[in-house]
Amino acid sequence: MLSKSLIEDVLTAAVSTGGDFAEIFAEDKNNTNLTLVGGKLEKSVSGKIYGIGIRIFKGFNYLYAYTNNLSRDNLIKVAKEAASTIKGVKKDIILNFNKGIINNIHPIEIMPDSISKMQKVDLMKTAYEAAKSYDSLISQVKVQYLDEIQNVLIANTEGRLVEDKRIRTRILINSVAAKDNVMQTGLHFPGAQKGYEFFNEINVKDYAEDSARMAKTMLMAEYCPSGRMPVIINNGFGGVLFHESCGHGLEATRVAKNTSVFSHMLDQEIASQLVTAIDDGTIPNQWGSCNIDDEGNNTRKNILIENGILKNYMIDKFNGRRMNMEPTGSGRRESYKYAPTSRMTNTYIASGKSTIDDIIANTEYGLFAKYLGGGSVNPSTGEFNFAVREGYIVKNGKINRPVRGATLIGTGMEVLEKIDMVGDNVDFSQGICGSISGGVPVNVGQPTLRVSEMTVGGRDGER
Amino acid sequence: MDKKKFIKLLFEKGRKAGFAEMEIYISSQKKQNINVYNDDVDSFENSVSEGLSFRGLYNNKKMGFSYTEKIDESTIDMLIREAMENAKVLDNDDIDIIYEGSKEYKDIVTYNKQSENVPVEEKIKYLKQIENMGQELDSRVKSITYNMINDATKSIMIANTKGLNLKYKSNLYKYELDVDIEDHEDVKSAYRYQVTNDFTKLKGQKLINDVISEAVSMLGATSIQSGIYPVIFRSDVSASILDAFASIFSADKVQKNMSLLKGKLGEQVADTKVTIVDDPFMKDGAFTRPFDAEGVATKYKKIIKKGILTTYFHNLKTANKDNVQPTGNAYKTSFNTAVDIAPTNMYIEIGKKSYDELIQSTKKGLLIIDVQGLHSGLNPISGDFSVSAYGYEIIDGKITRPVNQITIAGNYIELLMNIEDIGNDLEFILPHNGYVGSPSIKVKSLSVAGQ
């Protein structure tokens with residue numbers, strides 16, 4: 001994307017006023033986004049994202065500038081302008097790039113741009129037909145198809161120069177069931193860091209039918225009762241609860257400024273001994289994986305919590321300075337329009353020993369959250385909230401009836417301590433996590449697990 | 001490459017490739033973001049960026065769409081090829097339109113030159129001053145994590161082969177404050193912001209006072225007995241909920257069976273005290289603009305008038321389908337998204353009672369000052385919501401204690417029908433897909449889950 005000599009000149013200009021580190025992130029990305037509603041292709045959008053971000057550090061301060069005019073004159077100008085706000089003395093730097101070789105652990109078989117748009121539309125129509133014909137109560141089905149090919153180049157004044165190509169594909173199927181003015185939705189959204197072969201490996205029809213089943217089940221369900229009760233959170237997307245309620249609090253973005261509930265807690269017991277939690281950016285072809293992070297460092301498998309003890313945070317280069325700790329391959333950003341910060345990749349709770357059947361059989365009364373919806377957290381206090389997309393009341397060790405409209409609230413610390421059964425069925429689900437460096441693809445994951453007591457909000461009053 | 005030349009070449013090549021009518025949309029932005037932390041500039045971001053999208057009627061039928069941030073001759077062929085392929089796969093029954101222009105465009109002020117040119121040093125000085133003030137206000141201030149001024153100047157240009165050539169420039173300041181308070185291991189945080197296009201109108205002093213006193217007021221908060229309570233939503237909370245449900249007014253959602261307001265035109269959908277306005281000409285409004293994303297002149301309208309739904313928001317396509325006039329609500333989240341629908345500056349009209357009077361008139365109830373999880377805990381198709389919240393308990397017209405770890409649940413239409421009183425304290429929240437405001441509102445009863 002950029003010549004070595006241009007990179008050198010831009011970085012030299014960036015540290016010309018006393019900055020002690022500078023970095024370039026150049027991006028050339030092609031996106032395809034198709035939307036099918038009611039069986040008809042509504043939107044077909046594609047194009048190019050293209051630009052460069054320049055970051056300069058001086059101590060605990062950083063400057064960030066971006067532009068999509070990649071001409072030599074403009075890049076030098078942008079770097080100089082950014083540097084001009086630093087009032088320091090120029091240090092001599094000698095740049096000696098060793099172009100890093102990337103070991104690609106995410107092999108791609110079929111480049112998505114080698115497949116015609118028509119073929120992608122046919123795939124979407126298959127999903128549509130499967131969901132729509134599931135039941136006469138299914139009133140609407142929306143299918144979205146996404147693929148992206150992102151080329152990045154990252155270079156810094158420490159001599160790092162790396163390039164990578166990231167390919168992601170995803171399909172989202174949203175079924176709506178309606179009856180007597182009531183509507184409920186069911187949703188699946190599988191994705192991977194794979195080419196078009198992903199759609200040959202998964203059964204899109206199964207996902208579509210299951211989204212329709214979910215919508216219909218919730219349409220026929222009663223409102224969820226509210227109150228404090230045991231909650232069984234299913235594997236896969238259930239991991240979003242850990243992601244929100246604990247994961248964000250373990251990001252250096254918050255920890256460095258001492259505004260996380262988990263600041264200064266290393267080596268302390270913060271969770272039930274049944275809990276081991278991991279952030280692993282190296283899992284081949286997973287949605288949240290990368291060969292290198294967006295600061296050019298190799299991603300890693302980071303054990304965050306081991307048998308209840310806090311072992312590590314997720315650390316980016318800038319916040320690592322304040323914390324006096326090494327980066328962990330966790331610096332990520334949506335695009336060149338964002339300075340990177342510490343973010344999650346594939347974050348999950350490791351498998352335990354119970355089976356899902358044991359967990360349900362051992363629960364006298366509680367809520368089984370089969371699929372969670374989204375949620376959010378206040379990292380200062382750890383308070384979170386989650387929607388339950390598909391829920392059931394468990395009574396006397398058996399699934400009793402479906403319930404809708406439930407919300408889970410609590411604090412991350414409280415949940416971690418109250419996990420009292422952990423299943424053996426760890427699984428992943430895909431999401432886009434939004435935070436200060438934009439929306440990045442992440443996997444959430446966990447086995448089925450039980451929290452001994454949680455506040456469940458619902459519309460049906462107390463049981 | 002010169003823009004005019006680029007467009008000319010693009011349209012020429014497009015016509016040869018089979019596009020009958022074509023349009024380009026260019027969005028250019030200059031942004032600056034400064035955060036002060038511990039009396040130092042913690043982060044400083046500066047950017048200039050531009051994006052172009054192209055759309056055209058291919059073979060005189062379907063509208064192909066493509067975009068690029070690389071604007072030079074090398075991308076023209078890509079734009080045409082992608083738009084062509086995109087047009088070929090579309091099979092909806094919609095009639096796509098490239099617009100020849102409205103008769104008249106209102107002359108409104110959206111740009112404040114003085115505010116664009118405030119020196120960096122002045123902004124930094126301002127932020128440092130507010131941070132110092134905050135630290136001196138209360139010894140329990142643990143951290144002022146975000147103390148940030150963001151200002152952006154944006155230009156939008158639309159030009160097409162039907163002779164339309166429109167442009168406007170606007171700028172906006174966003175000031176955000178996020179504070180953590182700690183007292184005996186009890187940590188509470190609060191977040192407040194202000195939006196204006198005039199730097200001299202920033203009220204940092206008031207904001208820092210408000211944000212700290214709000215966080216302090218939540219210390220020692222506990223849950224409340226589950227039950228049905230009268231609830232007051234503070235202005236910004238009511239605005240956030242209206243914002244989260246804004247898509248129910250979109251004609252596109254109505255036509256696709258994805259709005260609960262389908263078939264409700266002319267019917268009562270809210271209490272007679274409720275009037276909701278969409279005003280694209282509002283002074284200092286973040287979405288004040290003379291034309292929408294398709295070049296249609298914007299207009300002032302009441303979408304709910306004394307509880308009666310009077311219109312949906314339309315773009316050219318949905319208006320054509322319903323055989324009505326477009327309402328000037330075509331919207332693009334970004335240059336690279338297809339045309340959608342959104343409000344401009346939309347708000348619930350004020351009532352008579354002050355915020356304090358709303359509280360005084362409540363015998364036993366809850367005042368909600370924040371809700372979380374609006375992106376996930378509500379369903380714009382059914383109107384159902386269940387979100388976590390915090391605020392205060394009110395007994396005999398007085399705030400008695402802070403309350404947290406509760407959820408409130410209901411249905412938005414039921415809530416609008418159930419409004420008992422509307423305050424006179426209109427506030428707007430941070431703009432994203434529309435700039436949405438509300439006064440504080442009091443609802444007769446709502447389901448609250450706590451202990």
Side-chain angles (χ1 to χ4, degrees), chain A residues 34 37-38 40-51 60-68 81-82 85 117-118 121 139-140 176 178 182-185 226-228 257-259 261 337 339 373-376 378 380-381 383 385-387 405-407 409-410 455-459 461-462, chain B residues 37 40-50 53 65-70 75 78 82 85-86 88-93 120 142-143 145 180 187-189 223 226-227 256-258 260 336-338 372-373 375-377 379 381-382 384 386-388 404-407 409-410 447 449-451:
Chain A
L34 308 171
V37 182
K40 307 237 168 180
L41 198 81
E42 280 282 328
K43 279 181 198 168
S44 179
V45 173
S46 53
K48 184 182 280 302
I49 297 295
Y50 182 78
F60 291 158
N61 307 328
Y62 79 80
L63 299 157
Y64 193 73
Y66 67 79
T67 176
N68 39 35
E81 267 174 15
T85 42
K117 290 204 166 82
M118 205 50 100
V121 172
S139 63
Q140 185 59 279
V176 182
V182 182
M183 294 188 201
Q184 289 292 318
T185 56
S226 57
R228 301 272 295 169
K257 286 186 180 170
N258 194 16
T259 55
V261 285
K337 287 181 181 163
S376 67
N378 177 340
S380 301
T381 61
E383 289 173 304
N385 64 88
F386 282 91
T407 307
I409 61 169
T455 299
V456 176
R459 283 188 69 184
E462 285 194 78
Chain B
Y37 178 73
D40 206 349
V41 180
D42 170 50
S43 68
F44 182 100
E45 301 188 9
N46 234 343
S47 68
V48 178
S49 64
E50 194 164 54
S53 65
F65 181 86
S66 59
Y67 61 86
T68 184
E69 285 182 335
K70 186 176 184 180
T75 50
M78 181 278 283
E82 288 295 324
E85 281 178 24
N86 286 330
K88 280 183 197 160
V89 292
L90 294 176
D91 62 355
N92 56 358
D93 310 319
V120 174
K142 183 185 171 197
S143 166
T145 322
D180 283 2
V187 177
K188 289 289 175 290
S189 67
S223 193
S226 300
K256 288 185 184 133
N257 284 329
M258 290 171 107
L260 63 158
N336 62 351
T337 55
Q372 303 91 43
H375 65 294
S376 56
N379 185 336
I381 301 177
S382 65
D384 285 346
S386 173
V387 292
S388 87
N404 69 353
Q405 290 288 301
I406 57 168
T407 66
S447 174
Q451 279 169 335

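Side chains included, hydrogens not; waters and symmetry mates left out as well; all remaining heavy atoms used. It should be emphasised that the depicted structure is a prediction, and the values quoted were computed from it without experimental measurement. A, B, ... follow the sequence lines: proteins, then strands. Residue 1 opens every chain.
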| Who among Val120(B), Asn257(B), Thr145(B) has the most heavy-atom pairs with chain A under 4.5 Å? |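 Of the options given, most contacts go to Thr145(B).
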| message | Quick check on the interface: out of Val187(B), Asp91(B), Asn92(B), Val48(B), who has the most heavy-atom pairs with chain A under 4.5 Å? | response |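 Maximum pair count with chain A is reached by Asp91(B).
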| Can Lys257(A) be said to sit on top of Tyr37(B)'s aromatic six-ring, NZ or CZ under 6.0 Å from centre and within 45° of the ring axis? |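 Yes.
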Please report the closest heavy-atom contact between [X] and [Y], naming both atoms and the distance.
X	Y	answer
Ala449(B)	Ser226(A)	CB-CB, 3.5 Å
Asn336(B)	Ile49(A)	ND2-CD1, 3.6 Å
Val41(B)	Asn61(A)	O-OD1, 2.8 Å
Ser44(A)	Val89(B)	OG-CG2, 3.7 Å
Asn86(B)	Ser46(A)	ND2-OG, 2.8 Å
Thr455(A)	Gly450(B)	CG2-O, 3.7 Å

| request: Mind checking the OG1-CD spacing from Thr67(A) to Glu50(B)? Nearest 0.5 Å is all I need. | output: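 Between Thr67(A) OG1 and Glu50(B) CD, I get 9.5 Å after rounding to 0.5 Å.
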| message | Just verifying a value: how many Å separate Gln372(B) CD and Thr407(A) OG1, rounded to the nearest 0.5 Å? | response |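 Interatomic distance, Gln372(B) CD to Thr407(A) OG1, rounded to 0.5 Å: 11.5 Å.
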Tell me, side chain or backbone of [X] under 4.5 Å from chain A's heavy atoms, or both, or neither?
X	answer
Asp180(B)	side chain
Leu260(B)	neither
Lys70(B)	both

| query | Any side-chain donor paired with an acceptor under 3.5 Å for Asn385(A) and Thr407(B)? | reply |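 The criterion, which ignores hydrogens and geometry beyond distance, is not satisfied for Thr407(B) and Asn385(A).
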| Can a donor-acceptor pair be found between the side chains of Ser143(B) and Asn258(A) at a distance below 3.5 Å? |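 No pair is found: no donor N or O on one side chain lies under 3.5 Å from an acceptor on the other.
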| Step-by-step side-chain contact (heavy atoms from CB on, under 4.5 Å) determination, Gln184(A) to Asp384(B) | CA-CA 9 Å; Gln184(A) 289 292 318; Asp384(B) 285 346; 3.8 Å; yes
At a heavy-atom separation under 4.5 Å, does [X] approach chain B through its side chain, its backbone, both, or neither?
X	answer
Phe60(A)	backbone
Val45(A)	both
Val261(A)	neither
Asn378(A)	side chain

| request: Find the one option among Ile409(A), Thr85(A), Val37(A), Val456(A) whose heavy-atom pairs under 4.5 Å with chain B are most numerous. | output: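 Most pairs with chain B among the choices: Ile409(A).
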| field | Which of Ala406(A), Gly375(A), Ala178(A), Gly51(A) touches chain B most, by non-hydrogen pairs under 4.5 Å | value |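 Highest number of heavy-atom pairs under 4.5 Å: Gly375(A).
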| said: Has Asn68(A) got a side-chain atom pairing as donor or acceptor with Ser49(B)'s backbone, closer than 3.5 angstrom? | reply: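 It does not hold such a pair.
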Salt bridge flag under 4.0 Å for residues [X] and [Y]:
X	Y	value
Lys337(A)	Glu45(B)	no
Glu383(A)	Lys188(B)	no
Glu42(A)	Lys256(B)	yes

| request: Check side chain to side chain donor-acceptor pair (under 3.5 Å) between Tyr50(A) and all other residues, then give those that pass, not counting sequence neighbours. | output: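 Applying side chain to side chain donor-acceptor pair (under 3.5 Å) to Tyr50(A) gives none.
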| said: Using side-chain heavy atoms (C-beta onward) and a distance below 4.5 Å, is Gln140(A) in contact with Met258(B)? | reply: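 In contact.
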| Given the rule in the side-chain contact (heavy atoms from CB on, under 4.5 Å) test, do Met78(B) and Lys48(A) qualify, once you have shown the distances and angles that lead to the verdict? | CA-CA 9 Å; Met78(B) 181 278 283; Lys48(A) 184 182 280 302; 3.8 Å; yes
